[in-house]
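Since the structure comes first, as structure tokens, the remarks are kept for the end.
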Amino acid sequence: MADHHLTTTSAEVDADSVRTQLQAVGLRPTKQRVALAQLLFGAGDRHLTAEDLLSDALASGVEVSLATVY
């Protein structure tokens, strides 16, 4: 099986690109996954905990649980 990773070269991550990349690795592009990927990859290189990402998501109005972040 090929090794696939979500990648981006821009600080702006559009939802269509995220959906395509999620599908390419066999994941269903749910609303929450797309929103989390945009938050995670849209801010450049940074290290986050799951709790940090959850906090960013909630602050952005994304309704998601900690279990979904994990």
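All values below come from the heavy atoms of this structure, side chains included, with hydrogens, waters and symmetry mates left out. For clarity, every value in this text was computed on a predicted model and none was experimentally measured.
The pair Arg46-Asp56 meets the salt-bridge criterion, since a charged nitrogen lies less than 4.0 angstrom from a carboxylate oxygen.
Counting only heavy atoms from C-beta outward, the side chains of Leu39 and Ser60 approach each other to under 4.5 Å. Between Gln38 and Leu36 there is no side-chain heavy-atom pair separated by less than 4.5 Å.
Open room surrounds CD on Glu63; 12 or fewer heavy atoms of other groups in view lie less than 6.0 Å from it.
Under the 3.5 Å distance criterion, with hydrogens and angles disregarded, no donor-acceptor pair is assigned to the side chains of Ser55 and Asp52.
Looking only at distances, a side-chain donor or acceptor of Thr20 sits under 3.5 Å from a matching main-chain atom of Asp16. Side chain of Arg33 to main chain of Arg28: a donor-acceptor pair is present (N/O by atom type, distance under 3.5 Å, no hydrogens or angles).
Annotation: the span from Tyr70 atom OH to Ser65 atom OG amounts to 11.5 Å, rounded to 0.5 Å. Note that CG of Leu53 is 9.5 Å distant from CG of Leu58, once rounded to the nearest 0.5 Å.
Scanning both residues, Val34 and Ala15, for their nearest heavy atoms gives CG1-CB, 3.8 Å.
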